[in-house]
Amino acid sequence: MKYLILLLSICLLPGYAFADQLKPFTSDGCSAFPDGTLEENTLWLACCEEHDRAYWQGGTYQQRLDADQQLKQCVAALGKPKTALLMLVGVRVGGSPALPTGFRWGYGWSYPRGYGELTEEERQQVKKMTLP
């Protein structure tokens with residue numbers, strides 16, 4: 001039994017001994033949603049890219065809620081309040097960190113990763129990767 005516990009400890013240790021490394025930022029635009037209208041096909045693309053930046057780095061539940069509200073406000077400010085509401089519903093349902101998608105909350109980190117404050121080391125990784 002002692003050896004089993006030791007073996008399990010050794011197998012599980014790498015997951016806890018080393019901090020996760022943030023992958024470079026990527027954006028797929030508005031994910032499974034159009035980036036704009038037929039007439040203006042990138043009308044709200046910038047809103048989605050900013051939203052992706054927040055989702056890439058992840059963080060707390062409140063930070064996700066704030067990012068989703070900012071997306072809604074950005075799209076609504078372009079004169080598309082109904083589209084903004086539809087997008088809000090979509091990201092609230094489809095952006096959960098529990099889903100193994102490339103557009104989930106915290107997608108820049110290894111899956112699975114839930115909600116939580118970024119550590120100082122993680123914040124430094126975000127800062128380093130977002131410098132121009």
Side-chain angles (χ1 to χ4, degrees):
M1 184 63 160
K2 204 169 34 171
Y3 296 109
L4 179 60
I5 293 172
L6 178 61
L7 180 61
L8 284 173
S9 298
I10 291 170
C11 291
L12 295 175
L13 182 62
Y16 296 101
F18 304 103
D20 197 4
Q21 292 298 307
L22 182 62
K23 296 169 199 69
F25 174 71
T26 58
S27 174
D28 64 357
C30 298
S31 300
F33 199 85
D35 294 337
T37 65
L38 290 175
E39 298 80 28
E40 296 179 76
N41 59 358
T42 59
L43 181 61
W44 48 76
L45 177 59
C47 300
C48 293
E49 289 172 339
E50 187 63 28
H51 185 252
D52 282 354
R53 192 163 297 283
Y55 264 58
W56 165 72
Q57 74 180 19
T60 66
Y61 178 85
Q62 185 61 51
Q63 288 170 315
R64 177 177 173 222
L65 188 58
D66 291 346
D68 293 346
Q69 289 294 333
Q70 288 169 0
L71 173 66
K72 179 183 175 228
Q73 291 168 1
C74 184
V75 175
L78 297 170
K80 301 294 181 183
K82 291 178 184 175
T83 301
L85 185 56
L86 184 60
M87 291 174 83
L88 176 64
V89 171
V91 296
R92 293 307 302 161
V93 172
S96 169
L99 301 174
T101 63
F103 49 81
R104 73 184 181 281
W105 180 249
Y107 70 84
W109 306 100
S110 297
Y111 179 82
R113 182 182 179 97
Y115 296 110
E117 288 285 340
L118 299 180
T119 66
E120 181 57 34
E121 181 182 338
E122 291 168 339
R123 284 192 295 274
Q124 289 302 317
Q125 288 185 58
V126 170
K127 184 177 179 181
K128 182 179 178 185
M129 291 193 163
T130 55
L131 291 175

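All residue numbers refer to positions in the sequence shown, counting from 1. Side-chain atoms are counted along with the backbone in the values below, which use heavy atoms only and exclude waters and symmetry mates.
Among residues at least two apart or in separate chains, disulfide (SG to SG under 2.5 Å) pairs with a member in residues 64-132 are Cys47-Cys74. Within the structure, the ring-ring contact (aromatic ring centres under 6.0 Å, His included) test picks out the following pairs touching residues 57-100 (sequence neighbours left out): Tyr61-Tyr115. Listed by first then second residue, pairs satisfying disulfide (SG to SG under 2.5 Å) with a partner in residues 78-132 number zero, not counting sequence neighbours. For residues 68-98, no residue pair satisfies the ring-ring contact (aromatic ring centres under 6.0 Å, His included) rule, not counting sequence neighbours. Among pairs with a residue in residues 28-51, those fulfilling ring-ring contact (aromatic ring centres under 6.0 Å, His included) read His51-Tyr55, at least two apart in sequence or across chains. Legend: disulfide (SG to SG under 2.5 Å) pairs involving residues 83-132, not counting sequence neighbours: none detected.
Applying the side-chain hydrogen bond (donor to acceptor under 3.5 Å, both in side chains) test to Gln124 and every residue at least two apart in sequence or in another chain returns Glu120. Remark: Ser96 engages no residue in a side-chain hydrogen bond (donor to acceptor under 3.5 Å, both in side chains) (not counting sequence neighbours). Applying the side-chain contact (heavy atoms from CB on, under 4.5 Å) test to Gln70 and every residue at least two apart in sequence or in another chain returns nothing. Residues meeting the side-chain hydrogen bond (donor to acceptor under 3.5 Å, both in side chains) test with Ser31, sequence neighbours left out: Asp28. By the side-chain contact (heavy atoms from CB on, under 4.5 Å) test, Phe25 is found to be paired with Ser27, Asp52, Arg53, Trp56, Tyr107, residues two or more places apart in sequence or in another chain being considered. When the side-chain contact (heavy atoms from CB on, under 4.5 Å) test is applied to Glu39, the partners found at least two apart in sequence or on another chain are Thr37.
Shown here is Glu49, whose CD atom has more than 12 heavy atoms of other residues, nucleotides or ligands within 6.0 Å.
One hydrophobic cluster, built from ILVMFWY side chains closer than 4.5 Å, cannot hold both Tyr111 and Phe103; they sit in different ones.
Taking every heavy atom of both residues into account, Arg64 and Val91 meet most closely at NH2-O, 2.7 Å.
Panel note: side chain Asn41, backbone Gly36; no donor-acceptor pair is recorded below 3.5 Å.
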